[in-house]
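Let me begin by presenting the structure, written as C-alpha coordinates, before commenting on it.
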Amino acid sequence: QGWRDCRARRPNGAGKTTIFNLISGLDTPDSGAVYFRRQYVTRMPAHKIVSLGIGRTFQNTRLLGHLTVLDNVKMAYHGQIEYGLLHAALRLPRFHRVERDIATKSAQFLDLVGLGPMAERRAGSLPYGQRRKLELVRALATGASLLLLDEPAAGLNPHETSELAGIIRLIRDDFDVTILLIEHDMSMVMSLCERIVVINFGKVIAQGTPEQVRNDDLVIEAYLGRRKT
(Lines give C-alpha, C1' and ligand atoms only; values in the text may rest on other atoms or scores of the structure.)
Protein backbone atom coordinates (compact mmCIF):
# COMPACT_ATOMS: atom_id res chain seq x y z
CA GLN A 1 0.00 0.00 0.00
CA GLY A 2 1.33 3.40 -0.90
CA TRP A 3 3.51 2.49 -3.89
CA ARG A 4 2.44 4.50 -6.91
CA ASP A 5 3.32 1.59 -9.13
CA CYS A 6 5.90 -1.13 -9.04
CA ARG A 7 6.77 -4.38 -10.64
CA ALA A 8 8.03 -7.83 -9.80
CA ARG A 9 9.84 -9.73 -12.49
CA ARG A 10 11.40 -13.13 -12.98
CA PRO A 11 10.57 -16.12 -15.22
CA ASN A 12 7.83 -18.54 -14.17
CA GLY A 13 8.15 -20.05 -10.72
CA ALA A 14 9.33 -17.00 -8.80
CA GLY A 15 5.97 -16.55 -7.07
CA LYS A 16 4.79 -13.35 -8.76
CA THR A 17 1.26 -14.51 -9.61
CA THR A 18 1.05 -16.32 -6.27
CA ILE A 19 1.52 -12.96 -4.56
CA PHE A 20 -1.39 -11.54 -6.56
CA ASN A 21 -3.54 -14.57 -5.74
CA LEU A 22 -2.83 -14.11 -2.03
CA ILE A 23 -3.65 -10.40 -2.13
CA SER A 24 -6.86 -10.90 -4.12
CA GLY A 25 -8.13 -13.85 -2.09
CA LEU A 26 -7.77 -16.60 -4.69
CA ASP A 27 -5.14 -18.41 -2.59
CA THR A 28 -4.63 -18.67 1.16
CA PRO A 29 -1.17 -18.28 2.70
CA ASP A 30 0.29 -21.11 4.80
CA SER A 31 1.54 -18.47 7.23
CA GLY A 32 1.62 -14.73 7.60
CA ALA A 33 -1.17 -12.28 6.85
CA VAL A 34 -2.38 -9.87 4.20
CA TYR A 35 -3.55 -6.37 5.14
CA PHE A 36 -5.10 -3.74 2.91
CA ARG A 37 -5.49 -0.23 4.32
CA ARG A 38 -4.78 -1.69 7.76
CA GLN A 39 -7.64 -4.15 7.36
CA TYR A 40 -6.98 -7.88 7.73
CA VAL A 41 -8.03 -9.53 4.47
CA THR A 42 -6.37 -12.94 4.82
CA ARG A 43 -8.94 -15.67 4.05
CA MET A 44 -11.52 -13.08 3.09
CA PRO A 45 -13.63 -14.16 0.06
CA ALA A 46 -12.43 -12.71 -3.23
CA HIS A 47 -15.66 -10.77 -3.88
CA LYS A 48 -15.32 -9.09 -0.49
CA ILE A 49 -11.77 -8.07 -1.29
CA VAL A 50 -12.94 -6.55 -4.57
CA SER A 51 -15.51 -4.51 -2.67
CA LEU A 52 -12.70 -3.09 -0.51
CA GLY A 53 -11.02 -1.66 -3.60
CA ILE A 54 -8.69 -4.31 -5.04
CA GLY A 55 -9.12 -5.11 -8.73
CA ARG A 56 -6.97 -7.34 -10.91
CA THR A 57 -6.33 -8.78 -14.32
CA PHE A 58 -4.94 -12.23 -15.14
CA GLN A 59 -2.17 -13.66 -17.30
CA ASN A 60 -4.88 -15.35 -19.37
CA THR A 61 -7.92 -13.14 -19.97
CA ARG A 62 -11.03 -14.21 -18.07
CA LEU A 63 -13.82 -12.49 -19.92
CA LEU A 64 -17.42 -13.65 -20.32
CA GLY A 65 -17.06 -14.36 -24.01
CA HIS A 66 -20.75 -14.97 -24.69
CA LEU A 67 -21.72 -11.54 -23.33
CA THR A 68 -21.26 -8.23 -25.10
CA VAL A 69 -18.25 -6.02 -24.48
CA LEU A 70 -20.50 -3.53 -22.69
CA ASP A 71 -22.07 -6.21 -20.48
CA ASN A 72 -18.62 -7.42 -19.42
CA VAL A 73 -17.88 -3.97 -18.02
CA LYS A 74 -21.33 -3.64 -16.46
CA MET A 75 -20.68 -6.88 -14.58
CA ALA A 76 -17.90 -5.08 -12.72
CA TYR A 77 -20.53 -2.95 -10.99
CA HIS A 78 -22.17 -5.96 -9.33
CA GLY A 79 -20.85 -5.02 -5.90
CA GLN A 80 -21.82 -1.37 -6.33
CA ILE A 81 -25.51 -1.83 -7.20
CA GLU A 82 -27.75 0.41 -5.11
CA TYR A 83 -31.10 -1.32 -5.47
CA GLY A 84 -32.62 -4.41 -3.94
CA LEU A 85 -34.11 -7.60 -5.31
CA LEU A 86 -37.62 -6.13 -5.16
CA HIS A 87 -36.61 -3.15 -7.31
CA ALA A 88 -35.14 -5.53 -9.90
CA ALA A 89 -38.04 -7.98 -9.87
CA LEU A 90 -40.70 -5.27 -10.28
CA ARG A 91 -38.55 -3.07 -12.55
CA LEU A 92 -39.16 -0.08 -10.29
CA PRO A 93 -37.87 3.40 -11.27
CA ARG A 94 -34.82 3.09 -9.06
CA PHE A 95 -33.77 -0.07 -10.90
CA HIS A 96 -33.95 1.65 -14.30
CA ARG A 97 -32.17 4.74 -13.01
CA VAL A 98 -29.25 2.77 -11.57
CA GLU A 99 -28.97 0.53 -14.65
CA ARG A 100 -28.87 3.56 -16.95
CA ASP A 101 -26.14 5.08 -14.82
CA ILE A 102 -24.10 1.85 -14.92
CA ALA A 103 -24.49 1.61 -18.70
CA THR A 104 -23.35 5.21 -19.12
CA LYS A 105 -20.29 4.77 -16.91
CA SER A 106 -19.41 1.49 -18.62
CA ALA A 107 -19.61 3.12 -22.05
CA GLN A 108 -17.33 5.91 -20.85
CA PHE A 109 -14.74 3.37 -19.70
CA LEU A 110 -14.90 1.67 -23.10
CA ASP A 111 -14.38 5.01 -24.84
CA LEU A 112 -11.32 5.55 -22.65
CA VAL A 113 -9.56 2.56 -24.23
CA GLY A 114 -11.03 2.92 -27.72
CA LEU A 115 -13.53 0.07 -27.43
CA GLY A 116 -16.66 2.22 -27.58
CA PRO A 117 -17.55 1.25 -31.19
CA MET A 118 -17.38 -2.44 -30.19
CA ALA A 119 -19.70 -2.20 -27.19
CA GLU A 120 -22.35 -4.52 -28.66
CA ARG A 121 -19.96 -7.13 -30.01
CA ARG A 122 -19.50 -10.42 -28.20
CA ALA A 123 -16.41 -10.19 -26.02
CA GLY A 124 -15.20 -13.55 -27.28
CA SER A 125 -15.05 -12.23 -30.84
CA LEU A 126 -12.56 -9.47 -30.05
CA PRO A 127 -8.95 -9.74 -31.21
CA TYR A 128 -6.56 -10.70 -28.41
CA GLY A 129 -5.14 -7.20 -27.92
CA GLN A 130 -8.62 -5.73 -27.49
CA ARG A 131 -9.57 -8.44 -25.02
CA ARG A 132 -6.59 -7.35 -22.94
CA LYS A 133 -7.89 -3.77 -22.95
CA LEU A 134 -11.37 -4.95 -21.98
CA GLU A 135 -10.10 -6.92 -19.01
CA LEU A 136 -8.09 -3.92 -17.85
CA VAL A 137 -11.02 -1.53 -18.05
CA ARG A 138 -13.32 -4.05 -16.37
CA ALA A 139 -10.92 -4.25 -13.41
CA LEU A 140 -10.83 -0.46 -13.23
CA ALA A 141 -14.64 -0.28 -13.32
CA THR A 142 -14.87 -2.20 -10.04
CA GLY A 143 -13.90 1.06 -8.36
CA ALA A 144 -10.47 -0.28 -7.46
CA SER A 145 -7.99 1.89 -5.59
CA LEU A 146 -5.35 -0.84 -5.97
CA LEU A 147 -5.04 -2.37 -9.44
CA LEU A 148 -3.10 -5.63 -9.84
CA LEU A 149 -1.99 -6.17 -13.44
CA ASP A 150 -0.59 -9.64 -14.08
CA GLU A 151 1.51 -9.54 -17.28
CA PRO A 152 -0.96 -7.35 -19.21
CA ALA A 153 1.33 -7.21 -22.25
CA ALA A 154 1.74 -10.98 -22.56
CA GLY A 155 1.08 -12.06 -26.15
CA LEU A 156 0.91 -8.52 -27.53
CA ASN A 157 2.97 -7.22 -30.43
CA PRO A 158 5.16 -4.10 -29.94
CA HIS A 159 2.48 -1.72 -31.23
CA GLU A 160 -0.18 -3.21 -28.96
CA THR A 161 2.22 -3.14 -26.02
CA SER A 162 2.98 0.54 -26.59
CA GLU A 163 -0.73 1.33 -26.85
CA LEU A 164 -1.49 -0.59 -23.64
CA ALA A 165 1.34 1.16 -21.82
CA GLY A 166 -0.23 4.48 -22.79
CA ILE A 167 -3.55 3.38 -21.31
CA ILE A 168 -1.89 2.25 -18.07
CA ARG A 169 -0.06 5.56 -17.89
CA LEU A 170 -3.38 7.38 -18.39
CA ILE A 171 -4.96 5.39 -15.57
CA ARG A 172 -1.96 6.08 -13.34
CA ASP A 173 -2.06 9.81 -13.99
CA ASP A 174 -5.81 10.52 -14.18
CA PHE A 175 -7.30 8.10 -11.64
CA ASP A 176 -6.54 7.87 -7.93
CA VAL A 177 -5.22 4.33 -8.31
CA THR A 178 -2.13 2.52 -7.05
CA ILE A 179 -0.86 0.09 -9.70
CA LEU A 180 1.06 -3.08 -8.93
CA LEU A 181 2.42 -4.50 -12.18
CA ILE A 182 3.97 -7.85 -13.09
CA GLU A 183 5.50 -7.72 -16.55
CA HIS A 184 8.31 -9.26 -18.61
CA ASP A 185 8.59 -6.45 -21.15
CA MET A 186 11.47 -4.45 -19.72
CA SER A 187 11.01 -1.40 -21.92
CA MET A 188 7.40 -1.16 -20.78
CA VAL A 189 8.41 -1.54 -17.14
CA MET A 190 11.15 1.08 -17.35
CA SER A 191 8.84 3.57 -19.03
CA LEU A 192 5.97 3.13 -16.57
CA CYS A 193 7.25 2.27 -13.13
CA GLU A 194 8.54 4.54 -10.43
CA ARG A 195 9.55 1.71 -8.10
CA ILE A 196 10.64 -1.78 -9.14
CA VAL A 197 10.99 -5.02 -7.18
CA VAL A 198 13.01 -7.87 -8.70
CA ILE A 199 12.27 -11.41 -7.55
CA ASN A 200 14.69 -14.29 -8.13
CA PHE A 201 13.53 -17.80 -7.16
CA GLY A 202 10.98 -16.43 -4.73
CA LYS A 203 13.30 -13.94 -3.03
CA VAL A 204 13.55 -10.19 -3.49
CA ILE A 205 17.06 -9.41 -4.74
CA ALA A 206 16.67 -5.73 -5.58
CA GLN A 207 14.27 -2.83 -5.34
CA GLY A 208 14.36 0.85 -6.11
CA THR A 209 14.05 3.20 -9.05
CA PRO A 210 14.43 1.87 -12.61
CA GLU A 211 17.95 3.29 -12.78
CA GLN A 212 18.97 1.70 -9.48
CA VAL A 213 17.62 -1.70 -10.49
CA ARG A 214 19.14 -1.54 -13.98
CA ASN A 215 22.62 -1.14 -12.47
CA ASP A 216 22.26 -3.60 -9.59
CA ASP A 217 24.94 -6.34 -9.59
CA LEU A 218 22.55 -9.08 -8.41
CA VAL A 219 20.03 -8.19 -11.10
CA ILE A 220 22.70 -8.24 -13.80
CA GLU A 221 23.98 -11.59 -12.58
CA ALA A 222 20.49 -13.11 -12.37
CA TYR A 223 19.48 -12.04 -15.87
CA LEU A 224 22.75 -12.02 -17.75
CA GLY A 225 24.66 -14.66 -15.84
CA ARG A 226 27.51 -12.30 -15.03
CA ARG A 227 28.38 -9.43 -12.72
CA LYS A 228 28.82 -5.85 -13.89
CA THR A 229 32.41 -4.99 -14.73
Side-chain angles (χ1 to χ4, degrees), residues 1-8 19-20 23-25 34-39 41 46-59 61-63 69-82 98-119 123 126 129-154 156 160-183 185 187-197 209-210:
Q1 177 67 22
W3 289 357
R4 182 60 173 175
D5 62 294
C6 68
R7 98 105 146 162
I19 291 173
F20 275 17
I23 294 172
S24 58
V34 180
Y35 287 82
F36 178 64
R37 290 181 170 175
R38 300 183 180 180
Q39 182 169 350
V41 299
H47 70 279
K48 291 287 188 181
I49 292 178
V50 171
S51 70
L52 293 178
I54 299 179
R56 71 166 295 180
T57 64
F58 295 84
Q59 288 185 25
T61 57
R62 299 189 182 184
L63 300 174
V69 170
L70 180 63
D71 283 341
N72 266 267
V73 182
K74 289 170 65 177
M75 290 289 291
Y77 287 90
H78 174 75
Q80 306 172 54
I81 289 176
E82 298 178 348
V98 171
E99 286 295 315
R100 282 195 303 269
D101 186 48
I102 289 174
T104 298
K105 290 179 180 178
S106 297
Q108 290 171 344
F109 274 121
L110 291 176
D111 288 337
L112 180 71
V113 298
L115 292 178
M118 302 175 186
L126 292 179
Q130 293 174 343
R131 294 203 301 271
R132 282 285 186 188
K133 290 181 184 179
L134 178 56
E135 187 174 48
L136 173 59
V137 80
R138 186 180 62 178
L140 183 62
T142 63
S145 57
L146 172 62
L147 199 55
L148 311 178
L149 306 183
D150 194 352
E151 297 189 29
L156 302 184
E160 291 170 332
T161 298
S162 176
E163 193 175 33
L164 184 67
I167 293 171
I168 295 173
R169 190 175 294 108
L170 177 72
I171 292 171
R172 182 195 65 184
D173 294 341
D174 292 357
F175 292 81
D176 187 18
V177 178
T178 295
I179 298 175
L180 183 59
L181 170 71
I182 294 174
E183 183 51 61
D185 189 306
S187 61
M188 180 180 181
V189 169
M190 292 298 177
S191 70
L192 282 176
C193 295
E194 298 167 2
R195 183 174 178 84
I196 299 174
V197 177
T209 66

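Because only heavy atoms are used, hydrogens play no part in the values below, and waters and symmetry mates are left out as well, while side chains stay in.
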So how far is it from [X] [atom1] to [Y] [atom2], rounded to the nearest 0.5 Å?
| X | Y | atom1 | atom2 | answer |
| --- | --- | --- | --- | --- |
| Leu149 | Leu192 | CG | CG | 9.5 Å |
| Leu148 | Thr178 | CG | OG1 | 10.5 Å |
| Leu134 | Leu70 | CG | CG | 10.0 Å |
| Asp185 | Met190 | CG | CE | 11.0 Å |
| Leu147 | Leu136 | CG | CG | 6.0 Å |
| Ile19 | Leu180 | CD1 | CG | 8.0 Å |

(message) Do Phe58 and Ser24 make a side-chain contact, defined as non-hydrogen atoms from C-beta onward lying under 4.5 Å apart?
(response)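 No, their side chains stay 4.5 Å or more apart.
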
What residues, two or more places apart in sequence or in another chain, satisfy side-chain contact (heavy atoms from CB on, under 4.5 Å) together with [X]?
| X | value |
| --- | --- |
| Arg38 | none |
| Glu163 | Lys133, His159 |
| Ile49 | Val41, Met44, Ile54 |

Restricting to non-hydrogen atoms, name the atom on [X] and the atom on [Y] that form the minimum distance, rounded to 0.1 Å.
| X | Y | answer |
| --- | --- | --- |
| Val34 | Ile23 | CG1-CA, 4.2 Å |
| Ala144 | Ala139 | CB-O, 4.0 Å |
| Leu126 | Arg131 | O-NH1, 2.6 Å |
| Ile168 | Pro152 | CD1-CG, 4.2 Å |
| Glu183 | Ala154 | OE1-N, 4.3 Å |
| Pro210 | Cys193 | CG-O, 3.3 Å |

Check salt bridge (Lys or Arg N to Asp or Glu O under 4.0 Å) between [X] and all other residues, then give those that pass, not counting sequence neighbours.
| X | value |
| --- | --- |
| Asp71 | Lys74 |
| Glu160 | none |
| Arg56 | Asp150 |
| Lys105 | Asp101 |

(message) My understanding is that only residues two or more places apart in sequence, or in another chain, count here; which of them pass side chain to side chain donor-acceptor pair (under 3.5 Å) with Thr209?
(response) Gln212

(request) Quick one: list whatever passes side chain to side chain donor-acceptor pair (under 3.5 Å) with Gln130, sequence neighbours left out. (result) none

(message) Would the distance check show the side chain of Glu135 and the main-chain N or O of Leu63 forming a donor-acceptor pair, the cut-off being under 3.5 Å?
(response) no

(request) Ignoring hydrogens and angles, tell me if any N or O in the side chain of Ser51 forms a donor-acceptor pair with the backbone of Lys48 under 3.5 Å. (result) yes

(message) Can you tell me how the ring of Tyr77 sits relative to the ring of Phe109, calling it parallel under 30°, perpendicular over 60° and tilted otherwise?
(response) tilted

